[in-house]
Amino acid sequence: MGKLILEVVTPARRVVKEEVDMVVAPGTEGMFGVLPGHMLFLSGIVPGELSYNSGSERTYLAVTNGFAEISNDRVSILVDAAEKAADIDVERARRAMQRAKERLSKQRGTEEIDFKRAEAALQRAMARIKVAEKAA
Amino acid sequence: MATLRDIQRKIAAVKKTRQITRAMNMVAAAKLRSTQGRMENFEPYAEKFAEVLGSLANRLDPEIHPLLVRRSSISRVELLHFTADRGLCGSFNTNSITKAEQWVKDQQARGVECALTLVGKKGRDYFRKRNFNITEAHTNIYGSVDISFVNKMTGAFIERFLREETDEVYMIYSRFVSMVKQEPTLVKLLPIEPPKVEEKAEEATDYLCEPSAEELLKDLLPKHISVQILNAFLQQETSEHAARMAAMDNASKNCSEMVDNLTLVYNKARQAAITAELMDIVGGAEALR
């Protein structure tokens, strides 16, 4: 069976460029898996965990919003931020989660944008913590 | 004729100037390395983004999204213009300002109103003094620009565009071509013209999109503008440091040349003085005999 070329890029740098066997990513409509020979596919990416297999090794990444393009066995993931499990600052993520939760409980209904922002921040923080715990 | 002491003083002054320009050169070099790194790291993202957007948008009808629709009559345009906050970088700012001013005049000649959004102190000072129509001016923000700032900027442009307060948006920034060449470049931001991709015959099949292509475009198009603006910021910053480095290098070289010339003049004057003194002594001794 062929291989997939996975590329994860953020505005700050290229996080991953590797040959892998399988990719599982958090799409807007739910998690999706990609194997070699996948058809042309374009999807939004929401904060969550992205994982890929190469050989028997499984690697986890925390990603935030963005999108993915799959064509000709190339998987390109473009997201605002992506971190490998080992690079995640768990303390910072926890603080961010705390802050977001506080804001959510206080501000419900006051201002729509702030509410959405806090919600998004909470999702990002939770994704990071989940990935970090999985690796530990 | 300048006295010996005058010349010496002048040499010392030029040497001090050289010290300053050398230091500025080194500072610019250090800053250049860091911004150039950021610019290069951003490149794969920008490229990939343009590729995906291009292949998606070219498959769809441009009427599908208001940001893609070209307006038939254009009466008001906006320009986002970048200059440095500081001078001492040769003709870097002047080049960019000249290009922008020429462009605005061309628009006005065709009866199109033009509003400016300025980044950088030099451009702001220039256009404000000449009473151009300025929407907004940002100064001293290089180095602290991140995606959220750019998103805010993009949001403002899109809002004005959708409210039909403006029909087209352009930007002019200095593209970093090489260490010795930075080029003021004009880019159209709105309405969005999807980047052209070369279609390979086998790739003409349809995408499977999740959610629908329309939904995806709603996210992608504003992001596309942000990516372009962020790219402009990074290029502009890198160009500025490269231009300053070159300018300061030149200045240091000119200082060295001046020191050489002045030293020559000094030595000549010193010799002339010695000769004159010797003549006096010889003349005096001759008279005593």
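Predicted model, so just to flag it, every value in this text is computed and none were measured. So you know, we letter chains A, B, ... as the sequences are listed, proteins then strands, and number each from 1.
Here the shortest heavy-atom pairing between A:S76 and B:K48 reads OG-CE, 3.0 Å. Annotation for A:V9 and B:P44: closest pair CG1-CB, 4.1 Å, computed over non-hydrogen atoms.
In B:K181, the NZ atom is not crowded: 12 or fewer heavy atoms of neighbouring residues, nucleotides or ligands sit closer than 6.0 Å. The number of heavy-atom neighbours closer than 6.0 Å to CZ of B:R71, taken from other residues, nucleotides and ligands shown, is above 12. Within 6.0 Å of CE in A:M126 there are 12 or fewer heavy atoms belonging to other residues, nucleotides or ligands. The 12-atom threshold is not exceeded at CZ of B:R70, counting heavy atoms of other residues, nucleotides or ligands nearer than 6.0 Å.
In this structure, CZ in A:R14 is found 10.5 Å from CD in B:E43, a value given to the nearest 0.5 Å. Separation of atoms CD (B:E47) and CG (A:L78) is listed at 11.0 Å; rounding is to 0.5 Å.
Taking the side chain as every heavy atom from C-beta outward, B:D219 and A:F67 never approach each other to under 4.5 Å.
For A:E69, the part lying under 4.5 angstrom from a heavy atom of chain B is the side chain only. With a 4.5 angstrom heavy-atom cutoff, A:V15 does not touch chain B via any of its atoms. Contacts of B:L220 with chain A are made by side-chain atoms alone, with heavy-atom separations under 4.5 Å and no backbone atom involved.
Ranked by non-hydrogen atom pairs under 4.5 Å with chain B, the options A:G30, A:A68, A:S43 are led by A:S43.
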